[in-house]
Protein chains: 2
Amino acid sequence: MTTPKTETIAVRISRILAERIIAGGMQAGMRLAQDHIAEEFGTSHVPVREAFRRLEAQGLVVSEPRRGVRVAGFTMAEVKEVAEMRAALEVLALRHAAPHLTRSILDQAEEANRAGDKAGDVQSWEEANRAFHRLLLAPCGMPRLLKSIDDLHAASARFLFSGWRAEWEAPTDRDHLAILSALRAGDIETAAAVLARHVQWVGQPPRTKPVRQPLPRSA
Amino acid sequence: MTTPKTETIAVRISRILAERIIAGGMQAGMRLAQDHIAEEFGTSHVPVREAFRRLEAQGLVVSEPRRGVRVAGFTMAEVKEVAEMRAALEVLALRHAAPHLTRSILDQAEEANRAGDKAGDVQSWEEANRAFHRLLLAPCGMPRLLKSIDDLHAASARFLFSGWRAEWEAPTDRDHLAILSALRAGDIETAAAVLARHVQWVGQPPRTKPVRQPLPRSA
DNA sequence: ATAGGATAAATTATCTATAATTTTATGAGG
DNA sequence: CCTCATAAAATTATAGATAATTTATCCTAT
């Protein structure tokens with residue numbers, strides 16, 4: 001993992017805290033005391049405050065003036081909201097990306113899917129899953145949209161980790177394959193529809209019992 | 001205009017700069033020097049930096065580590081991107097809001113539309129237009145989605161102001177009325193379709209000549 | 001027991017100073 | 001003229017101090 005040489009302290013703190021929050025190392029509602037974080041990182045509290053502003057922008061923390069910062073909570077409603085937003089935005093991105101998807105990109109995406117299948121833990125799996133989505137969507141060339149999707153994806157990962165930590169399994173990802181097939185066949189509508197359904201799966205209660213049909217297992 | 005008593009300096013600076021950027025008082029690409037802004041507001045530069053982080057989150061400025069902050073530019077591609085994202089997200093919000101739209105809300109929205117018709121300048125008009133959209137979408141009860149839409153709306157307002165400043169006219173807003181009619185008739189699909197088309201209008205080149213059919217005039 | 005007020009402690013927000021980095025200006029050489 | 005090196009100036013990022021606000025604790029009265 002290479003850290004850009006120009007990374008400021010504030011950016012570094014923000015990155016590390018984001019990772020920690022997403023991985024579940026910080027409980028929803030937990031207070032983030034700027035002085036304590038500063039002490040942990042061996043810095044002044046001022047870049048910590050700047051890091052907080054960044055985390056807030058990502059939706060990972062909530063703050064009130066003069067009352068501090070807490071790790072953002074999530075309710076089932078929020079999980080569902082994020083899923084819905086992802087479905088809307090990822091479909092939009094896919095539609096714009098589709099004309100630019102090369103065989104090479106699709107092959108890489110397939111490779112990422114394979115990596116997800118082989119993943120030994122939920123973090124590796126999520127990483128492969130994110131790579132898959134990014135590979136397919138990045139060619140849309142819409143930076144603001146991609147940034148929004150990234151933030152939503154981080155939120156999803158957080159939900160996923162918190163819901164799946166105890167019941168992790170590494171399944172074959174049928175939806176990913178279906179999306180790839182459709183894209184290879186030039187059938188963007190099908191790809192978009194499968195993607196939307198697949199992404200919205202994360203809005204399902206995390207502990208839903210498997211139903212009789214194969215549930216999509218990645219978001 | 002009441003300013004919350006608890007508004008911090010950083011929030012205030014952020015708000016004022018955002019308003020200034022949106023209104024076109026700061027050109028795209030313009031450098032925002034933290035010390036100069038601090039001097040203008042009579043504060044230290046530290047809350048200015050925090051304000052910058054907030055503005056960045058809103059997409060109104062861009063920053064590079066150690067190289068400062070500039071007012072975000074916009075290309076036609078970005079204008080179009082914002083329009084597309086708005087269409088996707090506002091339609092999503094409207095679908096979720098629709099079951100909660102009361103007659104009172106629809107009446108207020110109609111009143112906002114009327115205010116827009118009477119607006120004497122583009123700022124008043126945009127304010128009424130924003131109120132219209134907010135009234136219809138807020139009942140979706142999805143805070144993250146509404147925040148995203150707000151940021152996109154601010155970006156749209158900025159584009160609008162920069163494109164319309166010299167050719168402002170106060171037209172009747174047929175799309176707003178069509179949306180209201182459809183909603184009153186319980187026809188959510190039509191409302192959503194009109195909304196999407198209407199919102200995407202902002203992706204049109206701002207100086208497009210009026211065509212033979214009435215162009216939607218609000219976004 | 002509870003409620004209210006006072007005080008202390010903790011925390012947040014901003015200020016000032018300093019260090020680090022980038023940008024600009026200047027001069028020398030080809 | 002251009003290029004390069006150096007110095008100076010400007011700017012950004014952070015540290016440590018200070019001021020303001022909130023929270024916690026203690027005491028008194030009912």
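A, B, ... follow the sequence lines: proteins, then strands. Residue 1 opens every chain. Any value given below was found using the heavy atoms of this structure, including those in side chains, with hydrogens, waters and symmetry copies removed.
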Participant: Looking only at side-chain N and O atoms, does A/Arg67 come under 4.0 Å of OP1 or OP2 in D/dT23?
Facilitator: yes
Participant: Would you state whether a donor and an acceptor, one from the side chain of A/His45 and one from the base of D/dT14, lie under 3.5 Å apart?
Facilitator: no
Participant: Is the distance from OP1 or OP2 of D/dA15 to the nearest side-chain N or O of A/Ser44 less than 4.0 Å?
Facilitator: yes
Participant: Whole angstroms only, please: what is the CZ-P distance between A/Arg53 and D/dA13?
Facilitator: 16 Å
Participant: To the nearest Å, give me how far apart NE2 (B/His36) and C1' (C/dT23) are.
Facilitator: 13 Å
Participant: Side-chain donor-acceptor pair under 3.5 Å between A/Glu126 and A/His153, yes or no?
Facilitator: yes
Participant: Of the nucleotides D/dA15, C/dC15, D/dA13, which one has an atom closest to the side chain of B/Thr43?
Facilitator: C/dC15
Participant: Mapping A/Pro65 and B/Phe52 to their closest nucleotides on DNA chain D, which lands nearer the 5' end?
Facilitator: B/Phe52
Participant: Can you tell me how far P of C/dA20 sits from CD of A/Glu7, to the nearest Å?
Facilitator: 18 Å
Participant: Parallel, tilted or perpendicular for A/His133 and A/His176, by the 30°/60° rule?
Facilitator: perpendicular
Participant: Roughly, in whole Å, what's the span from CD in B/Gln34 to P in D/dT14?
Facilitator: 10 Å
Participant: D/dT12, OP1 or OP2 - any side-chain N/O from B/Arg49 closer than 4.0 Å?
Facilitator: no
Participant: In whole Å, I'd like the distance from the CD atom of A/Glu50 to the C1' atom of C/dA13.
Facilitator: 13 Å
Participant: Starting from the 5' end of DNA chain D, give me the residue, A/Arg31 or A/Ala10, whose nearest nucleotide shows up first.
Facilitator: A/Ala10
Participant: Can you tell me how far OG of A/Ser148 sits from CG of B/Leu152, rounded to the nearest 0.5 angstrom?
Facilitator: 6.5 Å
Participant: Could you tell me how far apart A/Phe41 (CZ) and D/dA15 (P) are, to the nearest whole angstrom?
Facilitator: 13 Å
Participant: Any heavy-atom pair between the side chains of B/Ile13 and B/Phe52 that's under 4.5 Å?
Facilitator: no
Participant: Between P on C/dT12 and CD1 on A/Ile37, what's the gap in Å once rounded to a whole number?
Facilitator: 10 Å
Participant: Rounded to the nearest 0.5 Å, how far does CZ of B/Arg15 lie from CD of B/Gln58?
Facilitator: 11.5 Å
Participant: Can you tell me how far C1' of C/dT11 sits from CD of A/Glu39, to the nearest Å?
Facilitator: 14 Å
Participant: Nearest to the side chain of A/Arg66, heavy atoms from C-beta on, is which of D/dT21, C/dT14, D/dA13?
Facilitator: D/dT21
